[in-house]
Structures are given as structure tokens and as C-alpha cells.
Amino acid sequence: MSNRDTLFSAPIAKLGDWTFDERVAEVFPDMIQRSVPGYSNIISMIGMLAERFVQPNSRVYDLGCSLGAATLSVRRNIQAEGCQIIAVDNSPAMVERCRRHIDAFRADTPVEVIEADIRAIHIENASMVVLNFTLQFLEPAERQQLLNTIYQGLKPGGALVLSEKFSFEDSEVGELLFNMHHDFKRANGYSELEISQKRSMLENVMLTDSVETHKQRLHNAGFEHAELWFQCFNFGSLIAVKASDA
């Protein structure tokens, strides 16, 4: 049973920038279920995508793996032989818990959990890469380079799953979806104080892009196919596929 997220329930005198520290790791499963609409759907569908895309004797990278939810979903669904999953996160608190979660389930596919900056990871022989709500925490100027690296490290026919919180070029729609997300969090028991404190901590470290911007970057990286496959309010996920004859 995960601990309930009450990190922002009392007023905080000095709100710094957001970090994925011990306290966040402790309540992360509850926080993400109550804050990210459609999260559990995305995790289970990542497993279904793994069943389709993971090739024999290849690697899967989960970049920004946090507690390993996407890694576990992939591992449960891999049908191919000789695969390895590499899960990477730069938060020591997340990595430590992720290793414990992975070890709690027996499976044939080996998983290596690495504490590192995802920008420093060499990607090779990959048939699937997962960036689940991770790209949005990189500096916007560094996002294209990471996508280029991923494309180059993917085998032909390989896929990238990119889940993000979106901004919208149509400000009226953007405001509506922002407010609906606010309602979603309120319905999940977050107070106005919790919602506003968390938002002000995140605003300097989580800079969101529009779906159009994401698609443009994916095409710039070389992906022949890129499309939104899931959306709930201002959260969603894109799939980008490297052509099989690339």
C-alpha cells in the first residue's frame, strides 16, 4: 500500500524548485495516480506496445524510470527472447526504490537500474525507448538532442513512447483543459493549497510543449511516423516509429 501524498497540505514558508527527493519518492505512486489523469492506462498500454515492438536480442530503455512502473509493465509483456531492460533515473531515492520494486517480481528479462543523467546514456541496439513524463524536466534547448540520440540508437522498426503534460496553441482550449485537470485533482482529494503550492514549485522546472512541437521534434530527429495515441485533458502520450527499412 503506498503512502498518501500530504507533502503540500500545510503552508510552506519558502517554496523552492521541485526535486525528486526522498519525500517525493515515498509518496510518488499516490501522487501520480491522483495528479496525472490516465496514468495507469498509459502504463498498461506501454506493456501492450512492448508486446508489439520489442525485438529478440535487443534492449529497452526506460529513461526517467522513477519507481519502475513502465519497466515492470514492459517486462511483464515482452514476448521476445534475449532482451534486456535498462532503467535510468538521476534521483538516488527513486533508483533505490526502483531496484526494490524490480527485485520483488521474478521474470526472465533482466533489468539493469542505473543512477545517471539520461543525457549521458549511450543508446544502442534498442527496439523500444520509453520517456514517460521525463522530457518535460529537461531544458527545452536539450530536448531535440536527446530525441536525436534515441532515434540513432533505435533499430529499424523500433519505437519511442513519449508521454508528457501538454501546453496548447489554442489558449481557450488550453485554459479549459487546465481547469479540468484542476477539477480532477480536487476530485482526488487535493486542496486548493496543495494544488497551488505544487504548481508554483513545478513551474520553473517543468516547461511543457504543444503536441505540434513534440511532433516536429520527432520528425526532425528522423522518425518517419509520429502520432498522439493517448490523451486525457492536458496529459498524453505519443508513439514514434523508426521505419523498418531505415
- Message: Would K242 pass as a cation-pi partner of Y151, given that its NZ or CZ must be under 6.0 Å from the six-membered ring centre and within 45 degrees of the axis?
- Response: yes
- Task: Would you please name every residue forming a salt bridge (charged side-chain N to carboxylate O under 4.0 Å, His left out) with E96, sequence neighbours left out?
- Result: R100
- Query: Going through the distances and angles, do L147 and L131 end up as a side-chain contact (heavy atoms from CB on, under 4.5 Å)?
  - Reply: CA-CA 10 Å; L147 297 175; L131 272 175; 4.0 Å; yes
- Taking R99 for its side chain and V113 for its backbone only, find out whether a donor-acceptor pair lies under 3.5 Å. yes
- Message: When you measure from the side chain of Q231 to the backbone of G236, do you find a donor-acceptor pair of N or O atoms at a distance under 3.5 Å?
- Response: no
- Message: Please identify which of these residues, L63, V130, I150, meets the side chain to side chain contact (heavy atoms under 4.5 Å, CB included) condition with L160.
- Response: I150
- Message: Counting only heavy atoms from other residues, nucleotides and ligands, does the tally under 6.0 Å from CD of E172 exceed 12?
- Response: no
- Note on the structure: Only residue of N148, D209, T213 satisfying side chain to side chain donor-acceptor pair (under 3.5 Å) with R143 is D209
- Is the number of heavy atoms from other residues, nucleotides or ligands within 6.0 Å of CG (D108) greater than 12? no
- Item | Pairs meeting criterion side chain to side chain donor-acceptor pair (under 3.5 Å) with involvement of residues 68-78, two or more places apart | D62-T71
- Look at the aromatic rings of F184 and F233 and report parallel, tilted or perpendicular, splitting at 30° and 60°. perpendicular
- Message: Checking the side chain of Q55 only, and the main-chain atoms of S127 only, is there a donor and an acceptor separated by less than 3.5 Å?
- Response: no
- Message: For the backbone of N188 and the side chain of R34, can you confirm whether one donor and one acceptor N or O come within less than 3.5 Å of each other?
- Response: yes
- Message: Quick check on E175: does its CD atom have over 12 non-hydrogen neighbours (other residues, nucleotides or ligands) under 6.0 Å away?
- Response: no
- Message: Looking at H181 and S35, would you say the former's side chain and the latter's main chain have a donor-acceptor pair under 3.5 Å?
- Response: yes
For residues 41-54, which side-chain donor-acceptor pairs fall under 3.5 Å, sequence neighbours excluded?
| residue | atom | partner | partner atom | Å |
| --- | --- | --- | --- | --- |
| S44 | OG | S40 | O | 3.2 |
| S44 | OG | N41 | O | 3.1 |

